[in-house]
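Below is one structure; the comments refer to it alone.
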Amino acid sequence: MEQALYIHNSLTRKNEKFEPRRPPYVGLYVCGPTVYGEAHLGHARPAVTFDLLHRYLLHLGYRVRYVRNITDVGHLESDADQGEDKIAKKARLEKVEPMEIAEHYTRSYHHNMDQMNVLRPNIEPRASGHIIEQQQMVKKILEKGYGYVSNGSVYFDVEKYNREHNYGKLSGRNIEELRSNTRELEGQEEKKNPFDFALWKKASPEHIMQWPSPWSDGFPGWHLECSAMSTKYLGHPFDIHGGGMDLIFPHHDCEIAQSTAAEGEESVRYWMHNNMVTIAGQKMGKSLHNFITLNQFFSGDHELLDKAFSPMTIRFFTLQAHYRSPLDFSSEALQAAEKGLEKLLKAGEIIDQLKPGQQSDMDLDQLERDCYQAMNDDMNTPVLFSRLFEMVRFVNSVHQKQATIHRDDIDKLRGIYQHFVQDILGLERESQQEEGSRLTSELIEMILHIRLEAKKNKDFDTADKIRDRLKELGVIVKDTKEGFEWEIENE
RNA sequence: GGUCGCGUGGCCGAGGGGCUUAGGCACCGGUCUGCAAAACCGGUUACGGCGGUUCGAAUCCGCCCGCGACCUCCA
């Protein structure tokens, strides 16, 4: 692979050549879910985006350690009254242990991600399992003089940090702007400046999730877990940190500040951010009644959906847009994606049936170069798909004997398909009742042979009756020159 | 209000100063077919608005309109 991978670094806002610090090893950290509810599209997009990156890096031969956290503690309810721990709040409502809630939704998340063929990260650390590491980081920041204790809580001294470094460099904010824009909120009197953020927060007595610390019984500040866990598992500095665009400020700017304060230098070499998801042109939100969970997509059980959409369709649809563009979901667009995906998967099956000819009517080396070029250009999957669909057209033409392919090129074609469609894009046919279908297949074939006889005898009434009846049962029959083809309709 | 980003044909979605017919879906015509489906071939519909820079702008600049993310304890 001569070409080099370029990725868009949010820090410089430019596409940069990707060069790992210690090849062939690559450290990748991505902000994972807060497990207090079912996974929705806002979870699917970053998961699929960075799954693509993960898979591509593996394909290129890198040894990747992919870390994605599970946030199960410490984050406060914004619209809620008391600033009660989000998970604790839900637990009280449902009368179960907070960890039970976290566990439940973690499993649900895993299940949804498996359905979409998202490879599991190598490590999925939980914030609750890394309280010690987070406390150590707080200590380190205090020792270096970038934090201060106030009433049992520890805050990060943004002003001091900003004198030597650039706070807000990732989001393009500056401290003066923040000063003038900060809203008046309760509890600010503990802080030197309103824009200081918590490293450790003292818990109120009714707060369920809390841990002892030198400063108070409390819980770690929001941004700390990612800094602590990425350092622990990937070292310092590490290669790539990813997440949604909505996390750039304050989350990732705070991470930069914390790590830099603790370690003396920045910890992340490439920042990558996926764009957001909208539904029928609107942002997704519970109050807008367009909040759709992945399970609702898979079942079709939502008023905005005309039908169910398979996990693989959601994956394909997500990848059809570039990860840095906004992605708008609609029933109509998804139905188009469903057909496109089917066409692509079908072509994969046809490749195995191709008959070789004298020469090839398509330059497969060029095709392969084009595919790599698309991926290397900041993972331009829309362009990759346009190349792959050109390949699909060629495959179908050969299948219909309107084009030819040389024997050697069939293997090459199969390789390209395997690498790009299956390995990198992670698109595969969802297993449709594999077991017990052998008898079914043979029965269908037998019936179709009888139909072929009928056709030969010009008994089209019988032939059509068989085809219509099979269609009712979900079996699509297609006549060909040699005889017939059939397939089972989706769903 | 501030920062950043987006606005492409019926729908989705790349590209990004002249030449990409991008691609998918839909629609129309053709080939094939007993018919149909699929596939293949061909076709239609573009670059939010107004100015400017340029020999030339969808692509650069300005303003306007519309949409989105973030703006400190909500990943």
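Every chain is numbered from 1, with letters handed out A, B, ... down the list of sequences. Every heavy atom of this structure was used, including side-chain atoms; hydrogens, water molecules and symmetry mates were not. Nothing here was measured: the structure is a model prediction, and the numbers come from that model.
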With the side chain of [X] defined as its heavy atoms from C-beta on, choose the nearest nucleotide among [options].
X      : options                : answer
A/M276 : B/rA69, B/rC11, B/rA39 : B/rA69
A/Q320 : B/rC70, B/rG24, B/rA22 : B/rG24
A/A333 : B/rU72, B/rC12, B/rG34 : B/rC12
A/K339 : B/rA22, B/rC40, B/rA26 : B/rA26
A/F197 : B/rU72, B/rC35, B/rA69 : B/rU72
A/K478 : B/rU72, B/rA37, B/rA14 : B/rA37
A/T34  : B/rG2, B/rA75, B/rU72  : B/rA75
A/H251 : B/rC4, B/rC40, B/rA75  : B/rA75
A/D479 : B/rA22, B/rC40, B/rA36 : B/rA36
A/S397 : B/rG13, B/rC40, B/rC70 : B/rC40

Nucleotide opposite [N] in a Watson-Crick or G-U pair, distances under 3.5 Å:
N      : result
B/rC70 : B/rG2
B/rC25 : B/rG10
B/rC40 : B/rG30

Checking all strands, does [X] fall into the base, sugar-phosphate, or nothing category for heavy-atom contacts under 4.0 angstrom?
X      : value
A/N396 : sugar-phosphate
A/V158 : nothing
A/A198 : base
A/S325 : sugar-phosphate
A/R324 : nothing
A/R467 : base
A/N69  : nothing
A/I248 : nothing
A/P326 : sugar-phosphate

If you compare every side-chain N and O of [X] against the phosphate oxygens of [N] (OP1, OP2), does one of them come in below 4.0 Å?
X      : N      : value
A/T278 : B/rC67 : no
A/K343 : B/rC25 : yes
A/K455 : B/rC35 : no

[N] and [M]: how far apart are their [atom1] atoms, nearest whole angstrom?
N      : M      : atom1 : answer
B/rU8  : B/rC50 : P     : 16 Å
B/rU45 : B/rU20 : P     : 15 Å
B/rA26 : B/rU54 : C1'   : 39 Å
B/rG13 : B/rG48 : P     : 15 Å
B/rG24 : B/rG49 : P     : 27 Å

**OP:** Confirm from the modelled atom types if A/R13 and B/rC4 form a donor-acceptor pair under 3.5 Å, side chain to base only.
**Re:** no

Original post:
Toward the 5' end of RNA chain B, which comes first, A/K346 or A/F460, by nearest nucleotide?
Top reply: A/F460

Original post:
RNA chain B: A/Q335 or A/N380, which has the more 5' nearest nucleotide?
Top reply: A/N380

Original post:
Is A/D468 salt-bridged to A/K465, going by a charged N under 4.0 Å from an acidic O?
Top reply: no

Original post:
Should we count OH of A/Y6 as having more than 12 external heavy atoms under 6.0 Å?
Top reply: no

Are side-chain N/O atoms of [X] and [Y] paired as donor and acceptor at under 3.5 Å?
X      : Y      : value
A/Y109 : A/H104 : no
A/Y66  : A/D51  : no
A/S310 : A/T313 : yes

**OP:** Step by step, work out the salt bridge (charged side-chain N to carboxylate O under 4.0 Å, His left out) result for A/K307 and A/E338.
**Re:** CA-CA 11 Å; A/K307 62 190 284 296; A/E338 190 172 56; 2.9 Å; yes

Original post:
Can you find a heavy atom in the side chain of A/L294 that is under 4.5 Å from one in the side chain of A/E38?
Top reply: no

Atom pair distance, as rounded to whole Å: [atom1] in [X] and [atom2] in [N]:
X      : N      : atom1 : atom2 : value
A/K401 : B/rC41 : NZ    : P     : 16 Å
A/Y105 : B/rA75 : OH    : C1'   : 16 Å
A/D377 : B/rG15 : CG    : C1'   : 10 Å
A/L345 : B/rG24 : CG    : P     : 15 Å
A/R393 : B/rA38 : CZ    : C1'   : 16 Å

Original post:
Closest heavy-atom contact between A/I424 and A/R315?
Top reply: O-NH2, 4.4 Å

